[in-house]
Colleague: 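Quick one: the structure is below, questions incoming.
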Amino acid sequence: MEFNSLIDALPALLEGLQVTLKLMVMAVMGGIVIGTMLALFRLSNNRILSLSASVYVGYFRSIPLLLVISWFYFLVPMIIEWMTGKPEPVGPFISSLVAFTMFEAAYYCEILRAGIQSIPKGQVSAAYALGMNYRQTMRLVILPQAFRKMAPLLLQQSIILFQDTALVYAVGLMDFLNTARSRGDITGELPLFLLSAGAVYFVISFTASRVVMHLQKKLAIAQAH
Amino acid sequence: MALLEIDQLAVSYNGNPVVSGLALQLEEGEIGCLLGASGCGKTTVLRAVAGFEPVRGGTIRLAGATVGAPGRSVPPEQRRVGMVFQDYALFPHLDIAANVGFGLGKMNRAGRAERVRAMLALVGLEAMAQRYPHELSGGQQQRAALARALAPSPQLILLDEPFSNLDAELREKLAQDVRAILKAAGTTALLVTHDQHEAFAMADRVGVMHAGQIRQWSTPYDLYHRPMDRFVADFIGEGAWLAAEVNEAGEVTTELGVLNGIRCAEDATTRQLDVLIRPDDLVHDDTSPQKARVLARAFRGAEFLYTLALPSGQRLLSLVASHHNHRVGEEIGIRLETDHLISFSRQ
């Protein structure tokens, strides 16, 4: 096998890795923000809010991610055209980012909902008795504890998201895996490029899941007190 | 004007009345206590005063302003009522200083730090400011919760079973500590407990609760020595009911002779009475002609609590210094030594 071809392709591969990581980080942040809002809606006393949030979550958890990615690739430009009146090609990165954010939000919502529900009711009463309103109680007392408690699960879900970013292949986005594949095709060294890509995915995911395990242990000790 | 006035309060859970027709008044600076078995509705009253339970009937007034009435409820965060919860409910993600300062959002940074320091000094936890709740002992957590509730200077502070999570030996000492802290802060307080020793150690006024109502609201001394009905007399302290009759001359006669100084809690409509004899009313005296047989005894360190039977089979309790060590079955001399007695018409 020819390792020189791998070295030649390094700048392109790094660019692809950058796309993958950028997509992941932005989708995680957006997904957690929207997921938190969905979780608060689901737990709201307002029937309309809680019902629409649970329909949203139920729907996105019941369809394949690949479908959502392809779907938003066509849908996002259509929505923009409908809103602004002129066609605006947004490209596969933006449409994939929207797709991942919306899709992962449903999963983050369920994790955070469980986290919020696991905080004892007395914490809410205690905050109210100290003069806090609902917003302050959520922001200062409940959500910080829910995030802390659910940090391992949120990270685990983000690792899955990192691996799933490879699905953007379907809309032709040049992420890390797609770049590796295309470079492999060009040089005729496809097996080498795919094996190397696998090693990179493995190192990143494995390191991250070790962090999760360490975090879980640390939290278990803190809760044992 | 009383700081807390509750009038004809009614609260329901899922349509079942839990509290009905409850009334009490607490003066500024006083410590009140609701005492009752679990399920009597005492915690529900506390939660209604805090604003966590809707009021179905009656009114709750704080410093003259109605905060709770049917269809009219001031939200908890606007009542200026502090609460110490049974499990303390300290915020685990914040250190003790941040917990105590939590309710002081309207103050500036310097004012808040000063207030936190003063509150921690009041409860004796200055050294714990940077610790987290799980690093404190149960008693320390409880004092931290008290400091947190007192920090925003609430007009009333509520304590829900404040000592139930602590060791028995700690309880009485902490009850006295907490009372001293509340008195030093000049705060009006209402607590609930099922433990009468706690109630007596903490409170200026105690209400004995049963089935959603207060049976008697008075000082601990009066509850013990002047119970208004049989339930309160049975619930508070120990004692036995001695059968008595009023003769033509108006004297109260019993198996132990004629009793003087009877204070009848009800209008005696019958000539048949039951007289409450507390264990400390019945004295062991070897020279007394009145004998009783020992049925059972409980060693309490300084004293024995003897269960005695008179010749008729009438049972009585007597508290005797523990160097008088008598066996079960033995006959001992007894004498009634009282300055006042409580009686009710026989049921």
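In what follows, chains are A, B, ... by sequence order, proteins preceding strands, each numbered from 1.
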Colleague: Given a strict heavy-atom distance threshold of 4.5 Å, which part of Phe85(B) is in contact with chain A: side chain, backbone, both, or neither?
Modeller: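 When you check distances to chain A, only side chain atoms of Phe85(B) fall under 4.5 Å.
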
Colleague: Is atom NZ of Lys22(A) surrounded by more than 12 heavy atoms (other residues, nucleotides or ligands) closer than 6.0 Å?
Modeller: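 Incorrect, the count does not exceed 12.
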
Colleague: Does atom CD (Glu28(B)) have a neighbourhood of more than 12 heavy atoms from anything else shown, all under 6.0 Å?
Modeller: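 Counting other residues, nucleotides and ligands, CD of Glu28(B) stays at 12 neighbours or fewer.
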
Colleague: Looking at every non-hydrogen atom in both residues, tell me the closest pair between Arg148(B) and Ala126(A) and how far apart they are.
Modeller: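 Smallest heavy-atom distance, with atoms named: NH2-CB, 3.5 Å.
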
Colleague: Pick one of side chain, backbone, both or neither for Pro76(B), based on which atoms fall under 4.5 Å of a heavy atom in chain A.
Modeller: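 For Pro76(B), backbone and side chain are both near chain A.
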
Colleague: Minimum heavy-atom separation for Leu90(B) and Gln123(A), please, with both atom names.
Modeller: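 Nearest pair, atom of Leu90(B) first, then Gln123(A): O-NE2, 2.8 Å.
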
Colleague: Evaluate the side-chain proximity of Tyr128(A) to Met83(B): yes if any heavy-atom separation is below 4.5 Å, no if none is.
Modeller: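 The answer is no; the side chains never approach within 4.5 Å.
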
Colleague: Which answer fits Arg80(B), side chain, backbone, both or neither, if we ask what part of it has an atom under 4.5 Å from a heavy atom of chain A?
Modeller: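 Neither the backbone nor the side chain of Arg80(B) comes within 4.5 Å of chain A.
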
Colleague: What part of Leu104(B) lies closer than 4.5 angstrom to a heavy atom of chain A: side chain, backbone, both or neither?
Modeller: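 When you check distances to chain A, no heavy atom of Leu104(B) falls under 4.5 Å.
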
Colleague: Tell me, side chain or backbone of Phe52(B) under 4.5 Å from chain A's heavy atoms, or both, or neither?
Modeller: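 Only the side chain of Phe52(B) comes within 4.5 Å of chain A.
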
Colleague: Pick one of side chain, backbone, both or neither for Leu140(A), based on which atoms fall under 4.5 Å of a heavy atom in chain B.
Modeller: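 Both backbone and side chain.
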
Colleague: Hey, is CD on Gln18(A) packed in by over 12 heavy atoms from elsewhere, all under 6.0 Å?
Modeller: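 Result for CD/Gln18(A): open.
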
Colleague: Would one find more than 12 heavy atoms of other residues, nucleotides or ligands at under 6.0 Å from atom CD1 of Ile48(A)?
Modeller: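 No - once you tally the heavy atoms of other residues, nucleotides and ligands closer than 6.0 Å, there are 12 at most.
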
Colleague: Any chance CD of Glu126(B) has more than 12 other-residue heavy atoms, nucleotides or ligands included, within less than 6.0 Å?
Modeller: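 Count over threshold, so yes.
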
Colleague: For the backbone of Arg148(A) and the side chain of His93(B), can you confirm whether one donor and one acceptor N or O come within less than 3.5 Å of each other?
Modeller: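 A pair under 3.5 Å: no.
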
Colleague: Provide the closest heavy-atom pair for Ala149(B) versus Leu130(A) in the form atom of the first, atom of the second, distance.
Modeller: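 That closest heavy-atom pairing would be CA-CD2, 4.4 Å.
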
Colleague: Is the backbone N or O of Ala127(A) less than 3.5 Å from a side-chain atom of Glu77(B), with the two atoms forming a donor-acceptor pair by type?
Modeller: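 Checked: no pair found.
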
Colleague: Can you tell me if CZ on Arg61(A) sees more than 12 non-hydrogen neighbours from other groups inside 6.0 Å?
Modeller: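 Counting other residues, nucleotides and ligands, CZ of Arg61(A) exceeds 12 neighbours.
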
Colleague: Between Ile142(A) and Phe91(B), is there a side-chain heavy-atom distance shorter than 4.5 Å?
Modeller: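 Result no, sub-4.5 Å side-chain heavy-atom pair not found.
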
